[in-house]
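Atoms within each ligand, like the ligands themselves, are counted from 1 in listed order. Treat the numbers as computed from the prediction; the structure is a model and nothing was measured.
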Amino acid sequence: MKTFTIGATLMLALAIAACDPPDAMPDETADVMNAEASAEAEELLAKYTSVTLNADLSVLTERERQMIPLLIEAGQAMEEIFWMQAYGDKDALMASIDDPGLRRFAEINYGPWDRLDDNAPFIGGAGEKPKGANLYPADITEEELEAAAEANPELKSLYTMVRRDDDGNLVAIPYHEYFEEQMQAAAARLRQAATLADEGGLRRYLELRADALLSGNYQPSDLAWMDMKDNTIDVVIGPIETYEDQLLGAKAAAETYVLIKDQAWSQRLARYAELLPALQDGLPVPEDYKQETPGANSDLGAYDAIYYAGDCNAGSKTIAINLPNDEEVQLQKGTRRLQLKNAMRAKFDKILLPIAGVLIAEDQRQHITFDAFFGNTMFHEVAHGLGIKNTITGRGTVREALRNHASSLEEGKADVLGLYMVTSLSEQGEWDGDMMNHYVTFFTSIFRSIRFGLSSAHGRANLIRFNYFKEKGAFTRDEATGTYRIDFDTMQQAANDLSETILRLQGDGDYDAVDAFVGQYMVFGDQLQVDLDRLGEQGIPRDIVFEQGLSVLGLESTSP
Ligand code: ZN
């Protein structure tokens, strides 16, 4: 077992700040302090609402049901790894927090920093979250790391922890060595699950994934995952996304999703992927801005999630996944986009509908439907494949050219082009949703996403769109009721205009032009702030936490 500097230092700070004083002070003072801590905890916990994560398991064979506990156990190993990557010693942190509410909030955040509040510390003495979390020594600077990486590129590898040796030099320790105990445990469970897998593609993937956890070579298992087509159970497991590493964006954080595929929906989705090239042709921009061929080999599927662990379970919950990240695998096999239906449903019921109840004109509320929300989210994911990845002005890729504005512009593009896709497919008779439902639901979701804050690319994209729509008259606000009403035709025109604007900005790759565009529209009006505050006052949560595991699934008796 390794020792963790941050955890130990914090423990000490907390022991001084929180644990000792109550004994030394009069009872009344201690009571007041405790009451303050629980009041604070209550306010923090109100940001989340609890949701039971279950699904219809009757679609599984008996042997598939027996796989679920094994996959969840494998997932728990990723949970342990993520705690160490994000913070350090979980047990020491928990033992140092007296208030049960604050302990619960630390669990949700995988550490003492509030992920929905730009990582503000909520435990006395926690200090600022290191940019590289616990993936690097806390005192590291980007300059030091870059310099050391010249001689040792492994320091910047996706799959290494960076530590200091006894002389203070930076060393890279592969995850499969640093987290050997957890990787071994997870690999053993995946192998056991593989023996129960009757579908060849899934069996092969589970075996190769187990190998990968132990070797650090993930590519063969990523390829096998893309080849797997007829499975009902899926598991996304391992070190995967790099968001936790705010220092370099280089290190992958551990996570797990255990998923049940919705075969009927997945077949419908496969059809839309085939229509992408035709939709690309119809984009409302000149030829040059749509000359790339969209990924026709992208694979779309709908799933119910039954277990989240680690990175994807920290703070706000992911409702759609696009993997793998390995660009070589992407070139060979494309990517798979997974829509997590039950998690989306939970956000719809617990967040979007209550927002509509406060901010949307009463007679338009009937147009807010789950089908429209699911469709909009699904087409958002598909729409990432439309448009272009490279500038048409010789400025390299759109991402390189637009730097810090690249991701908010890309998310904004996917939102409006998703709406364009729904509209086009509906006109072609490929989609039978009521367009008014899609538009009102889309508009309501803008408020939901702006609440993610400006540290989120989605939050920024939605604020830009809100102000753009406002300027175009796509909606009006009624003073008396404090509610918003969309104008269907104006909003449709505004969405098309915004699509064209974003596609051109991306294609031109002109950073200054994008900076001016963002500066013009990424502003918080007073009225909007007042209306968002009303959502908080009404106790509408910003995100969800899951009650999950074998007991929720009714599987405890089959646990090995
Ligand atoms: Zn997106």
Name all pairs fulfilling the salt bridge (Lys or Arg N to Asp or Glu O under 4.0 Å) condition that reach into residues 502-528, sequence neighbours left out, sorted by first residue then second.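 Those involving residues 502-528 are Glu500-Arg504.
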Charged N to carboxylate O under 4.0 angstrom, Glu411 versus Arg465?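 Result for this pair is no, no salt bridge flagged.
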Any ion pair linking Asp227 and Lys333 (charged N to carboxylate O, less than 4.0 Å)?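 Asp227 and Lys333: salt-bridged.
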Looking only at non-hydrogen atoms, find the nearest pair between Asn134 and Met161 and report the distance.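 Asn134 and Met161 have their closest heavy atoms at O-CE, 3.4 Å.
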Please identify each residue that fulfils salt bridge (charged side-chain N to carboxylate O under 4.0 Å, His left out) with Arg451, with sequence neighbours left out.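 For Arg451, no residue satisfies salt bridge (charged side-chain N to carboxylate O under 4.0 Å, His left out) once neighbours in sequence are set aside.
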With Lys47, which residues qualify under salt bridge (charged side-chain N to carboxylate O under 4.0 Å, His left out), at least two apart?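 Checked Lys47 against salt bridge (charged side-chain N to carboxylate O under 4.0 Å, His left out); matches are Asp114.
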Identify which protein N/O/S atoms are less than 2.8 Å from the Zn ion (ligand 1).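 Less than 2.8 Å away from the Zn ion (ligand 1) sit His380 NE2, His384 NE2, Glu411 OE1.
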